[in-house]
2 protein chains.
Amino acid sequence: MGVPNAAIELDAIDQRMLEALARNARISLKELAEVAGLSSPSAAERLRRLEERGVIAAFTLDIAPEAIGYFLQAIVRIRPLPGQLHVVQRLIQETPEFIECDKVTGEDCFIGRLVVRSMGDLDGILDKITERAETNTSMIKATPVKRRLPPLSR
Amino acid sequence: MGVPNAAIELDAIDQRMLEALARNARISLKELAEVAGLSSPSAAERLRRLEERGVIAAFTLDIAPEAIGYFLQAIVRIRPLPGQLHVVQRLIQETPEFIECDKVTGEDCFIGRLVVRSMGDLDGILDKITERAETNTSMIKATPVKRRLPPLSR
DNA sequence: GTTGAAAGACTTTAATT
DNA sequence: AATTAAAGTCTTTCAAC
C-alpha cells in the first residue's frame, strides 16, 4: 500500500537528479543526464525507478497567485464546534481559495492556506466557516522559506 | 519588479494548459497541445507567454517525504523573543527540515512546516528555536487539501 | 545497472493565413 | 494568434557488457 514502511536510500546521483528537477521539472532527459553524469537512457531509467519507488510524488506547477489577481494570502487555524468536524472539513475542501489544508494535533484541528483577491473576499469565506468553527487568521507578509526539498541524505 | 500590479486574464485554453501542467509538469508539448485543442507550436507559444507574463512561477517536483524516511510533519508557530527576530529567521532558513515558512501578522511571527524522521529529531530542532522564541507545534495527522491551484477564473 | 547506436517521436523554425 | 511542413533535437529501444 503506497510507500513501503522503510526509508529508501538515495545515492548522490539520485540527489542531483531530484535537485535539478525541483529547480525545473521540465528539463530534458539529456540535461538531466548531464547533471547526473550519466547517459540519457540511464537517466531515464533512474527517473522511472524514482517514480516507481514512490520518491517522486508528482511533477507539478507553481503559479504566482498575485499574477492572476490573488494579492493576499492567509493562514487560517480552524477549530470546529462540537459535532461540526466533518461539515467544516467538507466546507474547506469545497472552497477553492483554500489551496492547502492540514489536519493537526493540538487545539486547532485544521490549518489551511488560502489565497484571495481582497479582504472582502476573505471576510466572506471566513464568515461561512465561523458559523461552524472558531477561526484565527494570520495574513502572510513574506515567505522567508519558499517550498523546498527536505534533506536528501542523513 | 516581477509581476505587474494588475491581474492577468486567463482564457479557457490557458486554464486547461495550467491544469494539465499542475497534474503533470513533464507532459509533452504534443499532449499539452491536445489538451488545449491547439497545434504544438501554438501550445509552445502559449506556454512561453504564460512564463513570460509571470503566471507560471516554476515547474517543480513534489517528493513523498515518507518515502525517504520523513515519517512526521509538523506546523510550528514561532514568536521570537524581543530582539531575536532576525536571528530566529536565519535559524529557520538554515534548518533544512523547514521546507516552508511564512512571516505573518498576528501574535505569531512565523509559521513554518517541517519534516522529521523522529520525535527526537523534532525535539532537537525545537530546542534550538526555543532558546530565542516561543513556539507552538502541531503534528500533521492528515492533509484534507493537497496543494492545488487557486481558481483560475472569477 | 550502464552504455552506444539507431529508429522513432517530439520540438522548433519559418513561411503563410 | 494560429496553422502546416520540414529541419533539428531529444527520447526510447535494443544489443552488448
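Values reported hereafter were calculated over all heavy atoms of this structure, with side chains retained and with hydrogens, waters and symmetry mates removed. Order of the sequence lines sets the chain letters (A, B, ...), proteins ahead of strands, with each chain counted from 1.
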Practice prompt. Could you tell me the separation between the CD atom of B:E34 and the P atom of D:dA2, rounded to a whole number of Å?
Written response: 17 Å
Worksheet entry | Selection from C:dT3, D:dT12, D:dT4 that lies nearest to any side-chain heavy atom of B:S39 | D:dT4
Fill in: B:R49 vs D:dA1: side-chain N/O to OP1/OP2 distance below 4.0 Å
yes
Worksheet entry | Side chains of B:L47 and A:R26 in contact at under 4.5 Å (non-hydrogen atoms) | yes
Worksheet, complete the sentence: From the list A:V115, A:I78, A:L91, side-chain contact (heavy atoms from CB on, under 4.5 Å) with A:F98 holds only for A:I78
Worksheet entry | Length of the CG-P vector between A:L38 and D:dT11, whole Å | 14 Å
Fill in: Check against salt bridge (charged side-chain N to carboxylate O under 4.0 Å, His left out), A:R16 and A:E34
CA-CA 10 Å; A:R16 284 200 294 273; A:E34 272 162 32; over 6 Å; no
Worksheet item: In residues 18-33 of chain B, what residues come within less than 4.0 Å of DNA chain C, judged by heavy atoms?
Response: B:S28, B:L29, B:K30
Response to the item:
Taken to the nearest whole Å, CG/A:L47 to C1'/D:dC10 is 15 Å
Discussion item. I'd like to know if A:K128 and A:E94 make a salt bridge, using a cut-off of under 4.0 Å between side-chain N and carboxylate O.
Written reply: no
Discussion item. Taking B:E45 first and then B:R48, would you say they form a salt bridge - that is, a charged N and a carboxylate O separated by under 4.0 Å?
Written reply: yes
Worksheet item: OP1, OP2 of D:dT12 versus side-chain N and O of A:R48: anything below 4.0 Å?
Response: no
Practice prompt. Could you check how far CD of A:E45 sits from P of D:dT12, rounded to whole Å?
Written response: 12 Å
Worksheet item: Would you call A:D11 and A:R46 a salt bridge, using N to O less than 4.0 angstrom?
Response: yes
Discussion item. With a cut-off of less than 4.0 Å, is there a side-chain N or O of B:S42 near OP1 or OP2 of D:dT3?
Written reply: yes
Worksheet entry | Of the listed nucleotides D:dA1, C:dT12, D:dT13, the one nearest the side chain of A:P41 | D:dT13
